**Student:** 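Below you will find the structure I want to go over with you.
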Amino acid sequence: MLSLPLTLVSLLLPLPYFLAPFSLTLPGALLVRAGTANKDDACSVQNSRLQVGTYQFWSDCNSVTFCNATTNKCQLRGCRSDDFPFGYKPTDSHLPPKCQRGEFCPDEEDACQPLLPPDSACQLNRDDECEAPPNFKELADESGRGLNFNGSVCIKNVCMWANKTAGDDCVSENTPYTVYGRDGEFIDIVSRGNCRLGLYCDTQSLKCLAEKAIGAACTADKECSTWNCMTSGVCGISASTPRHLGIWVYVVVALGIFGGMFGTLIGLFIMHRRQRDVEREKRVQYWREQHAFHQNLTQMREAARASILALPQNGSSSARSTLYGRDGALSDESQAPILQHAATKASGLRHYMSDDNSSEYDDGLGMQNRKVGNRF
Ligand SMILES: *[C@@H]1O[C@H](CO)[C@@H](O)[C@H](O)[C@H]1NC(C)=O
Ligand SMILES: *[C@@H]1O[C@H](CO)[C@@H](O)[C@H](O)[C@H]1NC(C)=O
Ligand SMILES: *[C@@H]1O[C@H](CO)[C@@H](O)[C@H](O)[C@H]1NC(C)=O
């Protein structure tokens, strides 16, 4: 099962060489678009065929060789039709050349051959094997729909020019391809003819008819100038038509982008301003507390001094030792308990710090007190 979609992919796309390693890790015969016989191995041209459903060319030989009909041996390929053919690296020395203008590389990829005149045999869907008409500029399809190549087509394996005008008899060929979609396999019938541009070869009457405009009844894509016959049975707009959105969509998207950007910025600004205010309030409170403590201390000191002075002179030394250090400065030990007790409730900042029972807290507090004390 796995091999089939991959085979199709390799038919539709010039399979890049980077997929080549997969052919080594997976069963080669299933994946590559060729047989397994290597160079100089025996092969039979009788086995060469187009694969069912995909119409991919298959031979006994592997992806870098072809089966030579005279020797019945696989031989390195003599030309390529893809820029990046399957089974080669771009640096490969045996990468065969692409054919020049006026030549083509057949499905076997054995050797370049000159273009074929009208009525000669060509390979399925290989419009590029046929010689261009003198008025190729007028007939050539440049829409990318693959109606012809340079004005020539290969219909029912015969080269012809796509020069039939409206009402002329034409040749039509229907090829049912197996398509592998998301919902499984289905058949896609591709119908081609030798009518001029703007006409299609009607399968019933085998006459060239004008392509239909959007909204006209249709039974196949080829009948519509847009190449899109919808399931409702009318010609729809081309599947490759770009979708244009209204101006309002751009306006809404732009508003969404800028609204989101500025909304986020303003939201963050307001949030940070609020946080800053809270922090500032805490600091102001802290400053007020410290100021109050300082005043308390000054008052205490004044009171103590007053009481000491009031005492008789001989008892002074013992009273001193309780409140003052040896040099007469107020000791940290006497200060800290008062601060700690008073501060616990007041400011958010202090409250936050008092939750921390580490020794660093005590040190820090002592330092701060000293600093605050110095400032006043
Ligand atoms: C096939 O082999 C014969 C004999 O070796 C050789 O002359 C001929 O050129 C080969 N064909 C191609 C297409 O290379
Ligand atoms: C189309 O055919 C003309 C005449 O043969 C030729 O000069 C021209 O190169 C061809 N164009 C392409 C794209 O092959
Ligand atoms: C149309 O093409 C065919 C070959 O397919 C050619 O024989 C014939 O002369 C062409 N007719 C015109 C009018 O060019």
Side-chain angles (χ1 to χ4, degrees), residues 14 34-35 37-48 57-83 85 87-88 93-173 192-201 206-209:
N38 295 313
K39 184 174 176 277
D40 297 332
D41 287 353
C43 64
S44 168
V45 186
Q46 309 300 313
N47 294 336
S48 298
F57 181 80
W58 190 94
S59 81
D60 288 337
C61 300
N62 66 17
S63 54
V64 296
T65 55
F66 73 95
C67 190
N68 186 319
T70 36
T71 56
N72 279 325
K73 277 186 181 159
C74 292
Q75 186 181 327
L76 285 181
R77 286 184 177 173
C79 68
R80 67 185 153 111
S81 15
D82 296 330
D83 286 327
Y88 295 91
S93 54
H94 60 278
L95 183 71
K98 285 189 84 174
C99 298
Q100 298 168 338
R101 281 247 164 116
E103 290 187 328
F104 69 92
C105 185
D107 286 348
E108 292 84 354
E109 302 192 301
D110 51 353
C112 291
Q113 294 176 22
L115 291 179
L116 306 164
D119 297 328
S120 12
C122 52
Q123 292 173 311
L124 178 73
N125 260 348
R126 292 296 304 270
D127 298 347
D128 60 319
E129 295 185 356
C130 305
E131 227 170 56
N135 55 344
F136 67 92
K137 277 194 182 127
E138 188 191 339
L139 301 182
D141 169 41
E142 261 134 38
S143 67
R145 282 155 61 180
L147 297 179
N148 62 51
F149 179 84
N150 213 5
S152 47
V153 283
C154 178
I155 304 288
K156 293 188 169 167
N157 295 106
V158 176
C159 276
M160 49 188 88
W161 292 338
N163 63 2
K164 299 291 178 191
T165 51
D168 282 358
D169 289 335
C170 58
V171 189
S172 171
E173 180 183 30
R192 313 187 69 230
N194 60 343
C195 299
R196 276 168 172 261
L197 296 180
L199 308 171
Y200 71 94
C201 189
L206 292 179
K207 301 256 185 240
C208 287
L209 302 180

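What you see is a predicted model, and the numbers here were worked out from it, not measured in a lab. For the numbers below, each heavy atom of this structure counts, side chains included, while hydrogens, waters and symmetry mates do not. In listed order, ligands and their atoms are each counted from 1.
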**Student:** As a quick check of understanding, evaluate side chain to side chain donor-acceptor pair (under 3.5 Å) for Glu108 and Ser48, giving each step before the final call.
**Tutor:** CA-CA 9 Å; Glu108 292 84 354; Ser48 298; over 6 Å; no
**Student:** Checking the side chain of Asn148 only, and the main-chain atoms of Gly151 only, is there a donor and an acceptor separated by less than 3.5 Å?
**Tutor:** yes
**Student:** Does the distance from a Lys or Arg side-chain N to an Asp or Glu carboxylate O, for Arg196 and Glu138, drop under 4.0 Å?
**Tutor:** yes
**Student:** Just by distance, do the side chain of Gln113 and the backbone of Cys105 share a donor-acceptor pair under 3.5 Å?
**Tutor:** no
**Student:** Thinking salt bridges, do Lys207 and Asp168 make one under a 4.0 Å N-O criterion?
**Tutor:** no
**Student:** Who's touching ligand 1 if we go heavy atoms under 4.0 Å?
**Tutor:** Phe66, Asn68, Thr70, Thr71, Gln75
**Student:** Output the list of atoms in ligand 2 that are nearer than 4.0 Å to some heavy atom of Asn150, sorted by atom number.
**Tutor:** 1 (C), 2 (O), 3 (C), 8 (C), 10 (C), 11 (N), 12 (C), 14 (O)
**Student:** Does the pair Asp128/Arg126 count as a salt bridge with the N-to-O cut at 4.0 Å?
**Tutor:** yes
**Student:** Number the atoms of ligand 3 from 1 as they appear, then name those within less than 4.0 Å of a heavy atom of Met160, with their elements.
**Tutor:** 5 (O)
**Student:** Taking only residues two or more places apart in sequence, or in another chain, which ones meet Cys154 in a side chain to side chain contact (heavy atoms under 4.5 Å, CB included)?
**Tutor:** Cys122, Asp127, Cys130
